[in-house]
Amino acid sequence: MPEKPYEHIQIEEKWSAQWAENDLYKARCDGSLPPYYVLEMFPYPSGRLHMGHVRNYSIGDALARFMWMRGYDVLHPIGWDAFGMPAENAAIKKNMHPGDWTLSNVAGMKQQLLRLGFSYDWSREITTCLPDYYRWNQWFFLKMLERGLAYRKDAKVNWCPDCATVLANEQVEDGRCWRCSTVVEQRQLQQWFLKITAYADELLEETYQSLEKGWPERVLTMQRNWIGRSEGAEVDFTHEGTGEKIRVFTTRIDTIYGATCVILAPEHPLVGRLVSSEVAAQVKAMVDELGSKGRTGDAEKAGLFTGHYAINPFSGGKAPIWIGNFVLMGYGTGAIMAVPAHDERDFEFCKQYGIPIRPVIRPVDGELATAATMKHAFTEYGVCENTGQWSGMKTEEARKAMAAHAAKEGFGTASITFRIKDWGISRQRYWGTPIPVIHCKKCGVVPVPYAQLPVELPYKVEFTGKGRSPLANVREFVNVACPACQGPAQRETDTMDTFIDSSWYFYRFCDPKNTEAPFDPAKVAPWFPIDQYIGGVTHAILHLIYSRFWTKVMRDMGLISNSEPVRNLFTQGMVQLGGKAMSKSRGNVVDPDEMVQKYGADTCRLFTLFAAPPEKDMEWNESSVQGQHRFLSRVYRFVSRNTDKARQGGGEATAEDRKALRKLHQTLEKVTADFDSRWHFNTSIAAMMELLNTLEEMEAGLSGNAVAQILEKLCLMLHPFAPFLSQEIWSVELGREGQLIRQGWPAHDPELAKDEGAEIPIQVNGKLRSRIVVPFGISRDQLEQLAQADEKVRAHLDGKQVVKVIIVPDKLVNIVVKG
RNA sequence: GGGGGAGUGGUGGAAUGGCAGACACAGCAGACUCAAAAUCUGCCGGCCUCACCGGCCGUGAGGGUUCAAGUCCCUCCUCCCCCA
């Protein structure tokens with residue numbers, strides 16, 4: 001039969017239509033097969049898929065298909081992380097309702113995913129902006145409120161005075177409003193928080209336990225740093241005038257004799273009482289600048305002297321009280337003692353403002369530095385000096401002893417502090433889950449009764465881009481009877497952070513239609529923890545800590561029994577063009593649709609897997625994409641040329657058979673090993689290319705039997721990477737029944753895979769001089785003799801004395817000579 | 001400043017102490033073609049020699065361990081990410 005041209009559009013459109021219609025990728029959930037949950041981070045429906053999605057989902061899809069073929073019941077769901085700010089921006093800019101905008105994006109992107117042939121169980125699709133999903137956010141919120149895990153307190157928001165609106169952090173650019181460039185202020189608002197700090201210890205501990213094996217080390221490191229546990233002490237300094245206590249947190253109580261001032265965070269409660277009104281304005285400016293700049297990084301250190309002094313409880317000395325922009329209210333006690341001699345930041349600050357430096361720790365084998373000559377802080381451990389009764393004590397001991405002393409005397413305590421703060425979830429926006437509480441003048445904050453959930457977002461809302469929250473202007477929404485006293489009351493108009501939606505969505509996938517509960521625990525249990533979660537490293541901290549927290553809360557509520565949501569995490573690299581991440585603003589995006597049309601989905605998927613190992617960033621390169629198309633086209637033409645021969649079968653076994661089958665089984669071994677280890681699919685695909693090169697070379701001499709075997713196994717192992725083409729070959733060319741994901745993954749035959757003999761490189765003094773082919777397993781002596789007898793080797797041994805011969809059987813010979 | 005990762009041909013990459021550059025892209029030469037595309041064949045790290053055989057150098061720089069180092073150890077440089 002003559003070969004056929006590879007018509008990717010016709011092939012792919014045919015199969016994607018079939019796959020969309022039936023239940024092929026539905027998880028069975030009947031316990032007949034071992035369960036395997038593979039999940040890619042669900043997308044935000046921004047409008048169109050981008051190449052990052054294609055890469056992420058190609059990795060997940062390859063794994064899912066492989067696991068099906070391995071005989072697992074695979075749960076491979078998808079949904080939409082559908083709340084978020086871009087929808088509101090679109091509403092303001094294009095005068096489109098955020099809901100309509102979002103749902104039309106969802107519809108479009110779903111078509112793209114179907115066209116790409118990803119193996120999702122669409123019966124479990126969830127969309128977080130729909131009430132049947134977000135009502136359970138509200139339900140969880142109320143449960144957390146009952147458990148004391150949700151609470152209200154004052155917190156800062158970014159406020160643009162010109163637009164008269166609250167800005168999200170990403171709407172603040174260089175401390176200015178993204179739309180009108182007005183300098184952003186900080187305002188205090190009552191906001192809701194979730195007590196993630198209650199789980200700080202466990203969140204940290206598990207990074208050393210159950211997550212150690214299955215998560216990338218760098219993600220664990222980032223999380224540990226983010227949680228930021230530090231052991232230290234709290235100590236009370238005393239305000240000189242009033243005798244009021246000022247509690248400071250320090251990790252180095254052993255340096256307290258070197259404290260030359262006390263520095264308060266600008267938001268510290270004492271500040272208002274200590275400073276005059278004119279200094280207060282400067283403090284406010286500091287807070288505003290901090291709020292906007294502090295997030296982007298290096299704000300210059302700035303300080304203000306309050307004119308007040310505090311007494312050091314250890315030394316009895318007097319220390320000036322300052323206000324400093326680098327002291328954080330949210331960390332420790334919001335006040336520090338500055339020890340310039342032994343802390344780099346304090347050193348810088350004190351130098352800047354002429355505050356004295358007093359060294360009190362000397363190196364173990366050195367002298368105490370003098371203030372005048374110090375160029376840097378001495379931050380290492382050492383020995384205490386000029387520190388009263390602790391003089392001469394080692395730092396490590398002094399820390400414990402002094403903390404104990406402070407506790408005994410009642411002016412301090414040993415203390416553990418975390419960097420992680422409680423999760424502020426209030427957003428002054430429309431497009432999010434309404435927080436289900438009602439504010440009543442008489443009864444205070446009243447939770448919405450469970451029976452009244454969901455609190456639905458009203459559809460008719462005006463988007464002016466002004467004011468505290470668009471919901472605040474919707475009277476029908478805001479005005480409501482108090483559930484407790486039936487009197488007039490107002491609904492909360494803030495909505496929840498969208499990270500809430502993604503904190504538990506993977507549980508909902510197990511029971512997506514449940515109207516009685518977020519999910520049935522019995523349906524969730526078999527699938528958790530998730531066997532494999534795949535996504536970008538950009539979510540290494542927020543999403544992946546919040547969802548770990550949520551899991552622990554649900555466990556403590558008795559809904560689940562696992563303590564962690566994800567057993568194995570894989571973080572794939574970015575897709576770049578011109579060395580930069582693709583982004584609209586850079587104008588370097590490549591549209592997947594265009595590529596699918598031009599080269600086909602299989603080609604695109606194959607390219608994203610071939611261009612680099614999946615954990616590394618990869619560069620988009622269209623001519624290399626063409627190379628993948630060329631490969632698939634060669635596969636198809638090879639198959640179609642040989643289909644008849646394969647169907648006939650028979651024929652005498654030939655020398656070419658032997659070689660081709662050997663390569664076939666070596667390739668099977670390689671591809672399987674890649675799945676079982678590092679997922680370096682780039683080398684799996686390279687191996688299949690090598691196989692095709694060999695097959696084309698041997699083509700004329702292959703028997704019908706060999707061809708039949710080869711085509712079948714090649715088709716099976718190609719399937720996780722190029723599902724359309726392989727299915728086409730299976731069904732049409734080979735005329736076989738059924739879908740490939742229902743076929744078993746082909747095992748390699750070690751006997752057939754074995755090389756004829758070992759090719760042994762022979763080195764002289766570590767330099768390659770010759771190669772010989774020998775039978776496997778020959779003795780060391782024989783090998784040495786053969787090596788020494790080799791003509792090319794002899795030329796290099798001539799006139800020299802053999803000192804030593806290194807023999808690695810079946811591997812290598814190295815002859816060491818002298819002279 | 002601290003923590004993490006990386007640095008290999010023109011390019012993406014391969015090689016987990018044992019033959020550096022698999023596989024592919026680009027390039028060059030040829031076949032087919034009126035021509036082009038597609039396809040196929042050959043060459044493709046540098047230098048020396050060059051008809052052939054061959055030799056020397058080469059994985060950011062320098063040192064070390066080893067019979068053997070891209071790979072392990074030390075020092076340094078550059079880039080990226082995270083945290084300050």
Side-chain angles (χ1 to χ4, degrees), chain A residues 3 5-6 216-228 294-299 301 326 328 331 343-345 347-348 376-377 379 419-420 536-542 571 573-576 579-581 606-631 633-634 637-638 666-667 670 674 677-678 680-694 696-697 758-772 791-792 795-796 802-818:
Chain A
E3 66 180 35
Y6 172 41
E217 190 54 38
R218 67 179 178 139
V219 172
L220 295 178
T221 305
M222 279 160 73
Q223 293 214 349
R224 285 168 196 153
N225 291 339
W226 185 259
I227 295 166
R295 306 187 191 289
T296 53
D298 353 63
K301 280 192 185 49
F326 64 99
L328 305 172
Y331 181 74
D343 180 281
E344 215 47 77
R345 283 201 304 187
F347 185 85
E348 208 181 298
H376 296 281
T379 58
R419 208 188 74 98
I420 192 171
V537 76
T538 40
H539 295 107
I541 300 178
L542 298 179
T571 51
M574 288 184 307
V575 182
Q576 309 182 322
K580 296 273 187 335
L606 206 63
F607 172 73
T608 64
L609 297 174
F610 179 76
E615 74 280 4
K616 280 185 62 178
D617 289 348
M618 59 165 276
E619 179 73 15
W620 186 265
N621 174 339
E622 195 165 331
S623 30
S624 188
V625 175
Q626 287 178 33
Q628 298 310 303
H629 185 83
R630 196 173 303 153
F631 169 63
S633 171
R634 273 173 63 206
R637 281 180 284 124
F638 178 83
Q666 288 175 344
T667 308
K670 168 72 182 150
D674 281 335
S677 60
R678 299 184 295 172
H680 279 198
F681 301 132
N682 52 330
T683 61
S684 317
I685 294 164
M688 290 189 278
M689 289 173 167
E690 281 188 60
L691 172 61
L692 182 65
N693 291 344
T694 303
E696 285 179 340
E697 234 173 275
E759 196 188 51
I760 308 289
I762 302 167
Q763 301 176 334
V764 176
N765 283 348
K767 285 190 178 151
L768 178 71
R769 294 304 179 190
S770 184
R771 278 181 251 259
I772 54 173
E791 211 174 306
K792 287 184 210 150
H796 288 93
V802 175
V803 180
K804 195 174 178 185
V805 182
I806 308 287
I807 296 164
V808 185
D810 294 346
K811 268 262 156 116
L812 164 139
V813 174
N814 187 12
I815 302 169
V816 186
V817 297
K818 204 167 69 177

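To find a chain, count down the sequence lines: A is the first, B the second, and so on, and within it residues start at 1.
For A:K616, the listed nucleotide lying nearest its side chain is B:G13; candidates were B:C83, B:G13, B:C25. Candidate nucleotides B:A14, B:A84, B:A22 were compared by shortest atom distance to the side chain of A:A686, and B:A22 ranks first. Of the candidates B:C23, B:C67, B:G18, the closest approach to any side-chain atom of A:K804 belongs to B:C67. Looking at the side chain of A:A612, the nearest of the listed nucleotides B:C23, B:G13, B:G18 is B:G13. Side-chain proximity of A:A611 to B:A26, B:A24, B:G12: nearest is B:G12.
The CG atom of A:N693 sits 19 Å away from the P atom of B:A14 (whole-angstrom rounding). Counting to the nearest Å, the C1' atom of B:G18 and the CG atom of A:N814 are 9 Å from each other. A:Q626 has its CD atom 10 Å from the P atom of B:C25, to the nearest Å. Going from atom CZ of A:R218 over to atom C1' of B:C80 covers 10 Å, rounded to whole Å. Rounded to an integer number of Å, the gap from A:R345 CZ to B:A84 P is 9 Å. Atom pair A:M222:CE and B:A84:C1' shows a separation of 14 Å (rounding to whole Å applied). When the C1' atom of B:C81 is taken as reference, atom CE of A:M574 falls 9 Å away, rounded to whole Å. Rounded to whole Å, atom C1' of B:C67 lies 10 Å from atom CG of A:L812.
One P atom belongs to B:C72, the other to B:C83, and the distance between them is 28 Å to the nearest Å. Atom name C1', nucleotides B:A68 and B:A15: the rounded distance is 16 Å, in whole Å. When the C1' atom is used for both B:G10 and B:C81, the distance is 28 Å, rounded to whole Å. B:A37 and B:A31 have their P atoms separated by 14 Å, given to the nearest Å. Rounded to whole Å, the P atom of B:A35 lies 14 Å from the corresponding atom of B:G30. B:C32 and B:A14 have their C1' atoms separated by 34 Å, given to the nearest Å. If you take atom P in B:G54 and the same atom in B:C79, they sit 44 Å apart, rounded to whole Å. For B:G62 and B:A51, the C1' atoms lie 43 Å apart once the distance is rounded to whole Å.
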- Task: Could you give me the CA-CA distance, side-chain angles and deciding distance for A:T608 and A:V575, then say whether side chain to side chain contact (heavy atoms under 4.5 Å, CB included) is met?
- Result: CA-CA 8 Å; A:T608 64; A:V575 182; 5.7 Å; no
- Query: Going through the checks in order, is the side chain to side chain contact (heavy atoms under 4.5 Å, CB included) test met by A:E696 and A:R634?
  - Reply: CA-CA 9 Å; A:E696 285 179 340; A:R634 273 173 63 206; 2.9 Å; yes
- Verdict with reasoning, A:L692 to A:M689, per side chain to side chain contact (heavy atoms under 4.5 Å, CB included): CA-CA 5 Å; A:L692 182 65; A:M689 289 173 167; 5.7 Å; no
- Task: Could you walk me through whether A:L609 and A:N682 pass the side chain to side chain contact (heavy atoms under 4.5 Å, CB included) test, one step at a time?
- Result: CA-CA 6 Å; A:L609 297 174; A:N682 52 330; over 6 Å; no
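Within the 3.5 Å criterion, the main-chain N or O of A:F681 finds no donor-acceptor partner in the side chain of A:D674. A:T694 places a side-chain N or O within donor-acceptor distance of the main-chain N or O of A:E690, the cut-off being under 3.5 Å. For A:H629 (side chain) and A:V625 (main-chain N/O), no donor-acceptor pair under 3.5 Å exists by modelled atom type. One N or O on the side chain of A:Q223 and one on the backbone of A:A540 form a donor-acceptor pair closer than 3.5 Å. Put simply, the side chain of A:T683 gets close to the backbone of A:H680: a donor and an acceptor are under 3.5 Å apart.
Using a 4.0 Å heavy-atom cutoff across all strands shown, A:P5 reaches no nucleic acid atom at all. In this structure, A:E690 reaches the sugar-phosphate backbone alone: every heavy-atom distance under 4.0 Å involves primed, P, OP1 or OP2 atoms, never a base. As judged by a 4.0 angstrom heavy-atom cut-off over every strand, A:E217 is placed among residues making no nucleic acid contact. Using a 4.0 Å heavy-atom distance criterion, A:F631 is classed as making no nucleic acid contact.
Nearest heavy atoms, A:T667 versus A:L691: OG1-CB, 3.6 Å. Pairing each heavy atom of A:E619 with each of A:F607, the nearest pair is O-CZ, 3.7 Å. Of all heavy-atom pairs between A:V817 and A:V803, the closest is C-CG2, 4.0 Å.
Remark: A:R634 is not in phosphate contact with B:U39, judged by side-chain N or O atoms under 4.0 Å from OP1 or OP2. Contact annotation: A:R678 side-chain N/O to B:A15 OP1/OP2 distance is under 4.0 Å. Neither OP1 nor OP2 of B:U11 sits under 4.0 Å from any side-chain N or O of A:N621.
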- Query: Reading RNA chain B 5' to 3', how would its secondary structure be written in dot-bracket notation, given Watson-Crick and G-U pairs with both distances under 3.5 Å, brackets [ ] for crossing pairs and | for partners on other strands?
  - Reply: (((((((..(((.....[....))).(((((.......))))).((((.....))))..(((((..]....)))))))))))).
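Each of A:W226 and A:D617 was matched to the nucleotide of RNA chain B holding its nearest heavy atom; the match closer to the 5' end belongs to A:D617. Between A:N765 and A:K670, the one whose closest nucleotide on RNA chain B sits nearer the 5' end is A:K670.
Taking the O4'-C1'-N9-C4 or O4'-C1'-N1-C2 dihedral as appropriate, B:G9 has a value within 90° of 0 and is therefore syn.
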Short heteroatom pairs, N/O only, protein and nucleotides 52-58 of chain B, under 3.5 Å:
unit_1 : atom_1 : unit_2 : atom_2 : d
B:C56  : OP1    : A:R769 : NH2    : 3.3
B:C56  : OP2    : A:R769 : NH1    : 3.3

